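Structure record follows, encoded as C-alpha cells.
Values in this document were obtained by computation on a predicted structure and should not be read as measured data. If you read the sequence from its start, that first residue is 1, and numbering goes on from there.
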Amino acid sequence: MPRPFRFGVSLLQSATAEEWRAKCRRAEELGYDVILVPDHLGMPAPFPALVAAAEATERPRLGTFVLNAGFWNPTLLAREVATTDALTDGRLELGLGTGYVEAEHVSAGLPWGSPGERVDHLRRTIEELDRLLGSDEFRPRPVQRPGVPLLVGANGDRMLRLTAEHADIAAFTGARSLPGGMLQPITAEELDERVALYQELAAVRKEPAELNLLLQVVVVTDDRSAAVQEWLPRIPDLTEEQVLQLPIVLVGTLREIAGQVRAQRERYGISYLTVLEPNMEVFAPVIDALRDE
C-alpha cells in the first residue's frame, strides 16, 4: 500500500508576532500537516519561529527545512533540538542539509569548505546528535521517543548514502547546486535515477523512510503552456514540455495537478510534498482533493 500523503509549507517571510501566529493558524486551517522554517540569513531564525508556531496551532508538526549544518556546533544544536521538542510538545521534525550558499557563510564569518568537507561535517553532526540525544545523561531531554524524526535533504551520491543510513525522511531537492548558490532543476528521468540509487542504498533499512520533495512552482491554470513561458529563458537547455514534466513543477487544472501528485507517488514513492510560502494558498485545494489518500 502507498504511504498516505503529507503536506508541508515552508514559511520564508519575517513577520511580527501576531502576523507570524496568523500565518501559522492559516496554514493549519488550510490543512497543512507540517509547518516548516528554512535556515537562511535574512529569514526567521528556525527554532524560536517553530516554538511560536506551536503556540499558535494545535495539529501540525513543526520542522526545520533544512538547517544548514555549517552554521551549527553539534553540541549546541542538540540543546536547541531537545529544548524545541519539549516546548512544542514533541511535534518537532529535524531537517538537516549541508547548505549551498557560500555567501551566507562568508557573511557569518564561517568556513565554507569543499563539497566533501561539508558532507563530512553533516555526517559528524548527525552522529553527534544521535550520541547526545540518545544518552540518558544529556540535558535537556527531547520529548519524543526513540527520538526526534530526522529529515535529510539530498541529491548527490554521498548525501544519498548518508540519508539512507540515518534519515527517517529522505528529502529529494529536485535540483543540483551550482556555483553562486544557484539551483538547477533535475529532470523527471534524473530523479528516477536518484530515487533508484537511494532505494538501492536503503535496501538494508529495517523500516522504509518517508520520501519528500520540495515543489518550487504551483500554478492552477487551464493554459499550461502560457503558464511556463516566463521560466523558459531561465532554463534554456529544456524544452517547454520538459519544463512541464519537471518533478518540482505542478501546472494545470486542479484535477490535472492532483493527478500529477498521484503519479509522482506511484513513480517515485514520494508521498510528502512541501510547498514554499508564496504557494501556500494556491496549493490548498490540492490538499483537499488528496486528503485521506
Is any side-chain heavy atom of Pro278 less than 4.5 Å from a side-chain heavy atom of Glu281? no
Between Leu92 and Val81, the two heavy atoms sitting closest are CD2-O, 3.6 Å
Out of Val275, Leu276, Asn279, which residue meets the side-chain contact (heavy atoms from CB on, under 4.5 Å) rule with Val9? Val275
Inter-residue atom distance Leu197.CG - Asp192.CG, 0.5 Å rounding: 12.5 Å
Take a 6.0 Å sphere around CZ of Arg6 and say whether it holds more than 12 heavy atoms from other residues, nucleotides or ligands. yes
What one should report as the nearest heavy-atom pair of Pro38 and Leu11 is CD-O, 3.3 Å
Here the pair of heavy atoms bringing Leu122 nearest to Met159 is CD2-CE, 3.4 Å
Is Arg158 salt-bridged to Asp120, cutoff N-O under 4.0 Å? yes
How far does CG of Leu110 sit from NE2 of His105, to the nearest 0.5 angstrom? 6.5 Å
Salt bridge flag under 4.0 Å for residues Glu293 and Arg3: no
Flag side-chain contact, heavy atom, 4.5 Å: Lys23 against Glu277: yes
Once you round to the nearest 0.5 Å, how far does OH of Tyr198 lie from CG of Leu160? 9.0 Å
Any link between Leu211 and Leu96 through a network of hydrophobic side chains (Ile, Leu, Val, Met, Phe, Trp, Tyr) touching at under 4.5 Å? yes
Answer with yes or no whether the side chains of Glu104 and Ser107 bring together a donor and an acceptor at under 3.5 Å. no
Under a plain distance cut-off of 3.5 Å, with no hydrogens placed, do Glu241 and Gln245 share a side-chain donor-acceptor pair? yes
Does CZ in Arg255 sit with more than 12 non-hydrogen atoms of other residues, nucleotides or ligands closer than 6.0 Å? no
Working to the nearest 0.5 angstrom, can you tell me the gap between Leu246 CG and Leu215 CG? 11.5 Å
Would a distance-only check, ignoring hydrogens and angles, find a side-chain to backbone donor-acceptor pair under 3.5 Å from Glu128 to Thr125? no
Joint cluster assignment, Leu12 & Leu41, ILVMFWY side-chain distance < 4.5 Å: no
Of all the heavy-atom pairs spanning Leu232 and Val243, show the shortest one and how long it is. CD2-CG2, 3.7 Å
Pairwise side-chain contact, Thr187 with Leu238, heavy-atom cut-off 4.5 Å (strictly under): yes
If I take atom OG1 from residue Thr221 and atom CG from residue Leu254, how far apart are they, to the nearest 0.5 angstrom? 12.5 Å
Does one hydrophobic cluster hold both Leu129 and Val143, with members joined at side-chain heavy-atom distances below 4.5 Å? no
Asn68 versus Thr98, side-chain donor and acceptor atoms under 3.5 Å: no
Under a 4.5 Å side-chain heavy-atom rule over Ile, Leu, Val, Met, Phe, Trp and Tyr, are Phe71 and Phe65 clustered together? no
With no hydrogens and no angle check, is any side-chain donor or acceptor of Glu19 less than 3.5 Å from a backbone partner on Thr16? yes
What pairs of residues pass the ring-ring contact (aromatic ring centres under 6.0 Å, His included) test when at least one of them lies in residues 271-293, not counting sequence neighbours? Phe7-Phe283
Tell me if the CD atom of Glu58 is crowded by more than 12 foreign heavy atoms within 6.0 Å. no
Val51 and Val34: same hydrophobic cluster, using ILVMFWY side-chain contacts below 4.5 Å? no
Can you tell me if CD on Glu266 sees more than 12 non-hydrogen neighbours from other groups inside 6.0 Å? no
Main-chain N/O of Gly95 paired to Thr64 side chain as donor or acceptor, under 3.5 Å: yes
Taking every non-hydrogen atom, the tightest pair across Ala209 and Ala167: CB-O, 3.7 Å
Euclidean distance, Thr253 OG1 relative to Asp223 CG, rounded to 0.5 Å: 12.0 Å
Do the charged groups of Arg61 and Asp33 touch, with an N to O distance under 4.0 Å? no
Can we call the ring centroids of Phe47 and Trp72 under 6.0 Å apart? yes
With a 6.0 Å cut-off on ring centres, are His40 and Tyr100 close enough? yes
Should Glu127 and Arg123 count as an ion pair when the cut-off is N to O under 4.0 Å? yes
Expected output: side-chain Gln264 to main-chain Pro247 donor-acceptor under 3.5 Å: yes
Under 6.0 Å from the CZ atom of Arg161, do we count more than 12 heavy atoms belonging to anything else shown? no
Is it true that Glu240 and Ser225 share a donor-acceptor pair across their side chains at a distance under 3.5 Å? yes
Are Arg194 and Phe172 in a cation-pi setup, meaning NZ or CZ lies under 6.0 angstrom from the ring centre and within 45 degrees of the ring axis? no
Backbone N or O of Val251 within a donor-acceptor pair of the Gln260 side chain at under 3.5 Å? yes
Does the side chain of Arg91 pick up a donor-acceptor pair with the side chain of Thr57 at under 3.5 Å? yes
Give me the atom names and distance for the closest heavy-atom approach of Leu273 to Ile270. CD2-CG2, 3.7 Å
Ion pair present between Glu18 and Arg21, side-chain N to carboxylate O less than 4.0 angstrom? yes
